[in-house]
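Below you'll find the structure, written out as structure tokens, and then a few comments.
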Amino acid sequence: MIAVLKSSATPQQVANLAEWFEKQGIRVNETKGEYCTVLGLIGDTTRVDMDLLQGLDIIESVTRISDPFKKANRKFHPEDTIVDIGGVKVGGGNFVVMAGPCSVESEEQIVETAKAVKAAGATLLRGGAFKPRTSPYDFQGLKEEGLKLLIKAREATGLPIVTEIMSEDQLPYFDDIDCLQVGARNMQNYELLKALGKIDKPILLKRGLSATMKELLMSAEYIMAEGNSNVILCERGIRTYETYTRNTFDLSAVPMLKELTHLPVVADPSHATGKASLIKPMSMAATVSGADGLEIEVHPCPSKALSDGAQSLTPEQFAGVMEAINKCRTVL
């Protein structure tokens, strides 16, 4: 249930109403907008008398909400959430590009890539230190050493870091990381999500391999329910019957999610398509679909990459993609 308060409501009246709700066993999520205050009521609201509420002088309107996700719901929070990643703002009209290699392989590789993507216009550095791989025999990442190399690349370029965490026990290693990414395979790792909800860091939450939009939003709800509202959603393709691409890029999810939630929504054409030749057109498509940003894999020499070389761009190709998406943004 949500209660929209009149602009004339005083802080004391709002506090008194919130206290009354809490005495009924209902948690209150208060959002102050430019023109009104919205109280999101979480809990068993079936006992709340809507007629009684609507009769109060400070109430503009009362609406019951059937969606199971509350804190992530745009009805609870009409204005766009803006997430700050090391000084780079995501959402609310702020467009970002996260770029870098699938896996951190060496100091030379990650620093060279970071400098190249920054020169092309990227605003965040992505790179994997802990790598979830389908085969146990594939390269699993440099782990803690990889995180240290990402920090060196940040020192060399000033680009904030986005990198994946795989389990709760890895949290101590991520103290100096700007944004923690939850990969598709961990989207429903609820213990990890709850742990990430207890820290004060931005979380990039990727859609699961076969997850619905509601399931993605419910995973975001796990993080937000623990107190961390700095969540960014990522559409990275879902598994369908198609075999010519790695996944099927569900770009309809971008505008749909932006209707449903106030959280920023970014898109990952690299994992969605699995083909370097498709990154440019799908990056353009994701941009005009209304995405708040892109995550793109870039490697100095994709043919020698230890993971996902087929979907990685060279720095020169990435510069071409940046030019194309910047042109797209001028017509939005």
Side-chain angles (χ1 to χ4, degrees), residues 1-94 179-180 190-191 193-205 214 216-233 257-265 292:
M1 177 181 287
I2 60 172
V4 179
L5 307 187
K6 294 178 180 178
S7 57
S8 59
T10 67
Q12 187 59 54
Q13 287 176 316
V14 175
N16 290 342
L17 182 59
E19 183 181 1
W20 182 82
F21 282 127
E22 287 166 358
K23 286 181 178 178
Q24 313 303 309
I26 297 169
R27 289 180 291 130
V28 178
N29 182 50
E30 181 180 343
T31 302
K32 293 183 178 179
E34 186 175 354
Y35 302 108
C36 67
T37 297
V38 177
L39 299 184
L41 310 179
I42 303 171
D44 183 7
T45 61
T46 57
R47 294 171 296 171
V48 176
D49 187 336
M50 290 183 64
D51 292 333
L52 173 64
L53 287 181
Q54 289 172 334
L56 298 178
D57 290 339
I58 65 170
I59 297 289
E60 182 71 39
S61 64
V62 181
T63 308
R64 291 197 185 275
I65 294 178
S66 59
D67 293 324
F69 51 94
K70 305 300 182 186
K71 290 182 176 291
N73 201 312
R74 185 174 285 282
K75 294 175 183 176
F76 272 46
H77 193 296
E79 297 181 2
D80 289 342
T81 286
I82 298 175
V83 177
D84 188 303
I85 303 178
V88 175
K89 291 180 170 53
V90 189
N94 300 286
C179 178
L180 280 58
Y190 299 125
E191 293 306 311
L193 300 181
K194 286 189 282 188
L196 295 178
K198 294 181 174 70
I199 66 173
D200 186 25
K201 282 184 181 289
I203 308 298
L204 177 66
L205 179 64
K214 180 180 286 187
L216 173 61
L217 289 167
M218 289 307 297
S219 289
E221 195 79 6
Y222 263 92
I223 300 170
M224 300 177 75
E226 296 294 333
N228 187 354
S229 60
N230 297 305
V231 180
I232 302 165
L233 305 177
L257 286 169
K258 290 180 76 67
E259 282 188 22
L260 293 169
T261 182
H262 55 91
L263 300 174
V265 181
D292 294 299

Check step by step if salt bridge (Lys or Arg N to Asp or Glu O under 4.0 Å) holds for R74 and D80. CA-CA 8 Å; R74 185 174 285 282; D80 289 342; 2.7 Å; yes
Please test V28 against L41 for side-chain contact (heavy atoms from CB on, under 4.5 Å), starting from the C-alpha separation and ending with a verdict. CA-CA 5 Å; V28 178; L41 310 179; 4.1 Å; yes
Salt bridge (Lys or Arg N to Asp or Glu O under 4.0 Å) assessment of E226 paired with K198: CA-CA 6 Å; E226 296 294 333; K198 294 181 174 70; 3.1 Å; yes
Dump the intermediate steps for side-chain contact (heavy atoms from CB on, under 4.5 Å) on I232 and L263, then the final yes or no. CA-CA 6 Å; I232 302 165; L263 300 174; over 6 Å; no
Stepwise side-chain contact (heavy atoms from CB on, under 4.5 Å) check, Q24 with V48: CA-CA 8 Å; Q24 313 303 309; V48 176; 5.6 Å; no
CA sep, side-chain torsions, deciding dist, call: V4, I59, side-chain contact (heavy atoms from CB on, under 4.5 Å): CA-CA 6 Å; V4 179; I59 297 289; over 6 Å; no
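Of all heavy-atom pairs spanning P264 and D292, the tightest one is CA-OD2, 3.3 Å. Looking at every heavy atom in both residues, V14 comes nearest to A9 through CG2-CB, 4.1 Å. Scanning all heavy atoms of the two residues, the minimum distance from D84 to P202 falls at O-CG, 3.3 Å. Between S8 and Q13, the shortest heavy-atom distance links the atoms O-OE1, 4.1 Å. The two residues F76 and M1 make their nearest non-hydrogen contact at CZ-O, 3.6 Å. When all heavy atoms of N230 and D200 are compared, the closest pair comes out as ND2-OD1, 3.7 Å.
For the atom pair CD1 (I203) and CG (L196), the distance works out to 4.5 Å, reported to the nearest 0.5 Å. Note that the CG atom of L260 and the CG atom of L216 stand 10.5 Å from one another [nearest 0.5 Å]. Put simply, CZ on F69 and NZ on K75 are 8.0 Å apart, with the number rounded to the nearest 0.5 Å.
Taking the side chain as every heavy atom from C-beta outward, W20 and I26 never approach each other to under 4.5 Å. Contact of the I2 side chain with the L39 side chain is not registered, since no non-hydrogen atoms from C-beta on lie closer than 4.5 Å. The closest side-chain heavy-atom distance from K71 to I42 is below 4.5 Å. Between L217 and S219 there is no side-chain heavy-atom pair separated by less than 4.5 Å. Between K201 and C179, every side-chain heavy-atom pair lies at or beyond the 4.5 Å cut-off. Side-chain contact between L180 and I199 is present, with heavy atoms from C-beta onward closer than 4.5 Å. Using a 4.5 Å cut-off on side-chain heavy atoms (C-beta onward), L17 and L5 make contact. Taking the side chain as every heavy atom from C-beta outward, K70 and E221 approach each other to under 4.5 Å.
Annotation for D49: atom CG counts as buried by contact number, over 12 foreign heavy atoms lying within 6.0 Å. More than 12 heavy atoms of other residues, nucleotides or ligands shown are found within 6.0 angstrom of NZ on K6. The local environment of NZ in K89 is sparse, with at most 12 non-hydrogen atoms from other residues, nucleotides or ligands closer than 6.0 Å.
A donor-acceptor distance shorter than 3.5 angstrom exists from the side chain of T261 to the backbone of A72, with no hydrogens or angles considered. One N or O on the side chain of R64 and one on the backbone of T45 form a donor-acceptor pair closer than 3.5 Å. No donor-acceptor pair under 3.5 Å is formed between the side chain of N228 and the backbone N or O of M224.
A donor-acceptor pair shorter than 3.5 Å cannot be found between the side chains of T31 and H77.
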